[in-house]
Asks: 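Let me give you the structure first, and then I'll get to my questions.
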Amino acid sequence: MTSLAYGQLTDEALSQLSDILGAERVLTTPQARFQRASVPAPFPLHRAAEYMPDAVVLPETTAEVQAIVRWANRHRIPLVPRCGGTGLADGAVPLRHGVVVDTKRMNRFLELDLENRTCTIQPAINMLKLNEEYLLPHGLFYPDDPASYPVSIIGGRIGTGGWSLLGARYGHVPDNVLSLELVLGNGEILRVGGGGGKKIRKSSTGYRLKDLFIGHQGTLGITTECTLELYAQPEAVFPAFFLYRDFETAWRAAKRFSECGVATLAGVVLFDEQKVEFLRRDDEAWIPLPTWVRTAVCVVAYGLEREVEVAREVFLTLGRETSGVYAGRELSEGDWASRHDRYATPLHGRRKDGQVVRMSWHCEDAALNWSELAEVREKWHEIVRRLVDRYEIFDDWGMFFYSNSPFRGWGDYLVEIDVGIQEELIDEETWQAWCAAKREIAAVALEHGGSITAAHGATRAGEVELVPVELGYGFELMKIIKRWADPNNIMNPGKYELDRAYVWEAENV
Amino acid sequence: MAQAKTEEEKLKEQFEGPAFGCFSSRHKFCREICPTYQVTRNESHTSYGFHASMVAIARGLASVADVAADFRFCTMCGACENRCPNTLFTGDFYRNRTRTIDLVRNVRAAAHSLGISDPAWQDWNERTQLHKNEPVWEGAKPQPDDWARGLNLPKGGETILFCDCEAAHHRTSVPQAIARLLQTAGVPFGLMFEQWCCGGPAYEMGFIDQARAFASHNVQDWRRAGAKRILCVDPHDYIHFTEDYPNLLGSEAMRDFEIVHIVELLDELIRDGRIRLTERIPLRVTYHDPCRLNKRKGIHEAPRRILRAIPGLDFVDVDHVTQWAFCSGGGGGVPIALPELAKEISTRRIRKAEELQVDALVSACVWAERPLSERRADGTTNLRIYDIVELVAVSAGVLDGAGIGL
């Protein structure tokens, strides 16, 4: 048995799928398959056929998902779970064709527990909708707030182990998913949480299994239900942008903000010089700023009015003490309010000659300690500079550094370099150059004691090859777990180099 | 001799670039506000799905025949275009603003050219062609001006009231209320000599030649009448006259006409004191922004001003941006080809209104009022459905409220 010996999606197999779901929820048109071949990460369109699934299914219940998984095991057909399809790590991109399990119809709100401040939902509810329609009327909110907040879907956030802009105050996805139900690759249904409790935050019973099933990129199973932590809706939000003359000063200022002891601190974001230069090209908020402004730090507090008032005083004092200039209410509130759209979707870039062309955004991220940021920054820009020098389709859009530790501002940073790519012109040479650059970027993160990714998952071509290097013997454990949960390697095969989990058997057959 | 271009090649020429703008982003910020997606949760029915399909067509991975059925699932409400970050921030940098509605209509037109349009649309447009009006009536076909009997309205003149098929043949209380209000305000106006369907629904379903023939007839009739200003009862007409007629007939053809939607005129007349709202209407209402007025033309202030000016009315507003995610399901040919989808979209809109504990849902679009009223008729809701001009007419004392359940 090898990892690649998959069955064919025969008419009979398809007809069995239709028996499970009804024909209208089994899609086989070329466009339905093409639409689910990619995510927002750069896509090698010249090789689209390699990533096309053979069919798409739209289940609505746990029982249907279980029936699909059992069906896939019988036929040895790969399954690729897909929720919002807005991840940046190719988690939902099929690498071995098969069937995409598009869970968007699993969007029922199951229970609001006001006494214990939880809600239990099917996985395919978007965070904005969850807050708007179900939680805000009760004065509550679920604080997961990535750039994709208006569109991404909670099941996908679980599958990728997502990171939130408000993590320093409210934690990230692993902290706020109290328990989840999933159908494993072996067809079993598993509920994991704090021990066996569905709504328990802290337990000492057994292994801490829940974390295994957050960020597995669909390689172990498919999330079918989850119970979430809820918080009081903040009374007040105070974002403040401070402007600096150089990176070094802003970098040190970010540390001061992150350690300032304000409990309502929700996040710290550092903009480097290339990022400010990029924003000055076309962004109306940034163009008029004086020329001495070369970097910026954004800090934001969420909480009660009285708490946030204290935070406001502390931030403004610290801004002055670190030689920062407060950018004013309009820029601060405007940029914070448009944070989901503004930075993630510029949709255009410039060639070296200044010509505006259609470019899509891509970011490479890593988790790094504060002490490493300055050096890593220089190395990453150098990698991208070589890419830009050689190929016109790339454009360096600068770097962001976000506080990364859950429930505290200090320590780790999510480090992100944004690269504009004129995707329609990608060919094999530029694709390989891009993958090589990603590998180099990941290698720098590891050299500096970091982790390849803080937010998106390390499943992209290029850096994925370094996952075994980062995890060491831990990768051997991953392979054992993968084989236990998914003996036939049907769950998102090819991801995380986990085909290697099945090599021993192949060699011994 | 060069071979004629295929439908796929023609679409590629026009839409490959903009489609790639959406596809290469793939962020899908437009998804959750799409009224169709909210029901089907099938990405193939979203703006991203349509643009990705277009990329697939351009790259030879799919054909018009493959995608035609999916492209029926669009009410052409325009929410996705508004919510697209490309529109909000950057589209004009490279002249590739997101144009989902254009794309959908052109793919539908390609399907029609290939003879694979939805059979319900084919039938609808054949009957429209036969009658020169959309077959919205029950029983024998009425005459286009039957609604105006007893009102002594002249034919022709500088201001023409264009009373669309739905209003003329189905919801006749609306044009009757408008006529009385205009008479009260002393606004001279006339009717067309021979009004045909505006052609807009045919255009939206992809029956372009039929739409052009209807547009051409109506414009000729306006010229014959000496018209300078066309008053639209229906937001769909307002879109067709301001955007689609210039596309179909050339921008010159429409240069001589001012196109006005009735809510803007009524708002002006009320503010000028030419229509006086004196009768109290003790009713708690909310307002449904017609997609074509709000999302596509940015007209959302005038109807709100009007409702606030009606004495006794308790108006509970939902802001116009929140309403980007709302739709009645009445547009884009959806009720004809996919009646169950239209029914579900309208039900969801009704439920949003019910949450506000209102007595009535008021709109300014007769096409929206059809599926919404059907939800009352089939027992889905107890909410009453009014057109804003009906309330204005009652408050102005030119329409008996009892006649419309007030």
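Protein chains get the first letters and strands the later ones, always in sequence-line order, with residue 1 at the start of each. What you are looking at is a predicted structure, and each value in this text was computed from that prediction instead of being measured.
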Asks: Should A:Glu133 and B:Lys352 be marked as a salt bridge (Lys or Arg N to Asp or Glu O under 4.0 Å) after you check the CA-CA gap, both sets of side-chain angles, and the distance that decides it?
Replies: CA-CA 10 Å; A:Glu133 294 189 5; B:Lys352 291 281 184 196; 3.6 Å; yes
Asks: When you measure from the side chain of B:Arg31 to the backbone of A:Gly84, do you find a donor-acceptor pair of N or O atoms at a distance under 3.5 Å?
Replies: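 Between the backbone of A:Gly84 and the side chain of B:Arg31 there is a qualifying donor-acceptor contact (under 3.5 Å).
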Asks: With only heavy atoms counted, which part of A:Leu27 is less than 4.5 Å from chain B, the side chain, the backbone, both or neither?
Replies: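 It is the side chain, since no backbone atom gets that close.
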Asks: Please tell me if the side chains of A:Phe43 and B:Arg26 come closer than 4.5 Å, counting only heavy atoms from C-beta onward.
Replies: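 The answer is yes, as the side chains (C-beta and beyond) meet within the 4.5 Å cut-off.
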Asks: In this structure, are over 12 heavy atoms from other groups packed under 6.0 Å from B:Gln357 atom CD?
Replies: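 Not buried by this count: 12 neighbours or fewer within 6.0 Å.
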Asks: Check whether A:Val56 gets within reach of chain B through its side chain, its backbone, both or neither, counting any heavy atom under 4.5 Å.
Replies: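 Contact with chain B involves no heavy atom of A:Val56 at all.
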Asks: Kindly say whether B:Ala52 contributes a backbone atom to a donor-acceptor pair with the side chain of A:Gln35 at under 3.5 angstrom?
Replies: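 Not a single qualifying donor-acceptor pair exists.
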Asks: Does any part of the side chain of A:Val151, heavy atoms only, come nearer than 4.5 Å to the side chain of B:His27, both counted from C-beta?
Replies: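 The answer is no, as the side chains (C-beta and beyond) never meet within the 4.5 Å cut-off.
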Asks: Return the minimal non-hydrogen interatomic distance between B:Asp66 and A:Thr29, and the atom names on each side.
Replies: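 Between these two residues, the closest heavy atoms are O-CG2, 4.3 Å.
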Asks: Show the numbers, then the answer: is there a side-chain contact (heavy atoms from CB on, under 4.5 Å) between B:Phe23 and A:Glu424?
Replies: CA-CA 10 Å; B:Phe23 176 76; A:Glu424 59 207 294; over 6 Å; no
Asks: Any sub-3.5 Å donor-acceptor pair from B:Lys28's side-chain atoms to A:Pro40's backbone N or O?
Replies: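 No; judged by distance alone, with no hydrogens or angles, the pair does not exist.
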Asks: Hey, does B:Arg41 have a side-chain heavy atom less than 4.5 Å from the side chain of A:Leu58?
Replies: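 Heavy-atom side-chain distance check fails, nothing below 4.5 Å.
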Asks: Would you indicate whether the side-chain heavy atoms of B:Leu61 and A:Pro30 approach each other to under 4.5 Å?
Replies: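 Result no, sub-4.5 Å side-chain heavy-atom pair not found.
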Asks: About how many Å separate CZ of A:Arg358 and OG of B:Ser24, when rounded to the nearest 0.5 Å?
Replies: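 With rounding to 0.5 Å, OG (B:Ser24) is 6.5 Å from CZ (A:Arg358).
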Asks: Can you say whether A:Ala124 sits under 4.5 Å from chain B via the side chain, the backbone, both, or neither, judging by heavy atoms?
Replies: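 Contact with chain B involves both backbone and side-chain atoms of A:Ala124.
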Asks: More than 12 non-hydrogen atoms from neighbouring residues, nucleotides or ligands closer than 6.0 Å to CD on A:Glu330, yes or no?
Replies: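 Atom CD in A:Glu330 is not packed in, count stays at 12 or less.
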Asks: Would one find more than 12 heavy atoms of other residues, nucleotides or ligands at under 6.0 Å from atom CG of B:Asp319?
Replies: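 Atom CG in B:Asp319 is crowded, with more than 12 foreign heavy atoms closer than 6.0 Å.
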Asks: Quick one: what part of A:Ile153 sits under 4.5 Å from any heavy atom of chain B, side chain, backbone, both or neither?
Replies: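 Answer is side chain: those atoms of A:Ile153 sit under 4.5 Å from chain B.
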Asks: What I'd like to find out is whether the side chain of B:Phe29 reaches to under 4.5 Å of the side chain of A:Tyr149, using heavy atoms alone.
Replies: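 A side-chain contact under 4.5 Å is absent here.
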Asks: Please determine whether the number of non-hydrogen atoms from other residues, nucleotides or ligands lying under 6.0 Å from atom CZ of A:Arg47 exceeds 12.
Replies: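 Counting neighbours around CZ of A:Arg47, more than 12 heavy atoms of other residues, nucleotides or ligands fall under 6.0 Å, so yes.
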Asks: What I want to find out is whether A:Lys104 reaches B:Glu32 closely enough, with some N-O distance under 4.0 Å, to be called a salt bridge.
Replies: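 No, A:Lys104 and B:Glu32 are not salt-bridged.
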Asks: Indicate yes or no: at least one non-hydrogen side-chain atom of B:Ser44 is less than 4.5 angstrom from one of A:Arg36.
Replies: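 Yes. Closest side-chain heavy atoms under 4.5 Å.
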Asks: Do A:Asp102 and B:Asn42 have side chains that approach each other closer than 4.5 Å (heavy atoms only, starting at C-beta)?
Replies: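 Not in contact.
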